[in-house]
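Okay, structure first, notes after.
Please read all numbers here as calculations on a predicted model, not as lab measurements. All values below come from the heavy atoms of this structure, side chains included, with hydrogens, waters and symmetry mates left out.
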Amino acid sequence: MDYRPYCMTLRMNIDCNGCYQRIRRALLQMQELESHLIDKKHGRVIVCGVFSPQDVAIKIRKRTNRRVEILDVSEVSPPAPEGAPGHMP
């Protein structure tokens with residue numbers, strides 16, 4: 001499996017407050033996600049963490065029973081450790 005730090009943007013149909021709550025509960029239960037943002041107005045969900053993008057999209061689809069479309073996947077570089085070259089205090 002390919003578990004690296006990613007930020008992934010998904011398109012989902014968020015019609016009502018119930019849909020929003022179902023998606024939110026599903027995201028909060030996923031241990032591999034560090035953060036998430038749900039944009040109800042544009043129907044987008046952004047998730048960040050150390051995961052495999054395809055696996056997370058499948059999990060969200062199964063838990064919410066909604067169609068999930070992956071719009072963008074970008075790899076995030078891990079933060080530099082303290083005292084590393086180029087580190088600004």
Practice item. Flag the pair Met30 / Phe51 as yes when at least one side-chain heavy-atom distance between them is below 4.5 Å, and no otherwise. Key: no
Check your understanding: Shared ILVMFWY cluster between Tyr20 and Met12, side chains joined below 4.5 angstrom?
Key -> yes
Review point. Just how far is it from atom CD of Gln29 to atom NZ of Lys59, taken to the nearest 0.5 Å?
Key: 10.5 Å
Point to revise | Side-chain touch Leu27/Ile38, heavy atoms, less than 4.5 angstrom | key: yes
Exercise for review: Report whether Ile70 and Ile60 are members of the same hydrophobic cluster (ILVMFWY, side-chain heavy atoms less than 4.5 Å apart, transitive linking).
Suggested key: yes
Exercise for review: Please examine the side chains of Ile46 and Asp39, heavy atoms only from C-beta on, and report whether any two atoms are closer than 4.5 Å.
Suggested key: no
Review point. Pick one: which of Glu32, Arg4, Glu34 meets side-chain contact (heavy atoms from CB on, under 4.5 Å) with Val50?
Key: Glu34
Practice item. Considering non-hydrogen atoms only, spot the tightest contact between Ile14 and Val45 and give its length. Key: CD1-CG2, 4.3 Å
Exercise for review: Can you measure from CG (Leu71) to OG1 (Thr9) and round to the nearest 0.5 angstrom?
Suggested key: 6.5 Å
Practice item. Answer whether the closest heavy-atom distance between the side chains of Arg67 and Asn13 falls below 4.5 Å. Key: no
Check your understanding: So which heavy atom on Pro53 is nearest to which on Val73, and how close?
Key -> CG-CG1, 3.8 Å
Point to revise | Minimum side-chain heavy-atom gap His36-Leu28 below 4.5 Å | key: yes
Exercise for review: List the atom of Tyr6, the atom of Glu75, and the distance in Å for their closest heavy-atom pair.
Suggested key: CD2-CA, 3.8 Å
Review point. Shared ILVMFWY cluster between Ile58 and Met8, side chains joined below 4.5 angstrom?
Key: no
Exercise for review: Report yes or no: do Val56 and Leu37 belong to one cluster of Ile/Leu/Val/Met/Phe/Trp/Tyr joined by side chain heavy-atom distances under 4.5 Å?
Suggested key: no
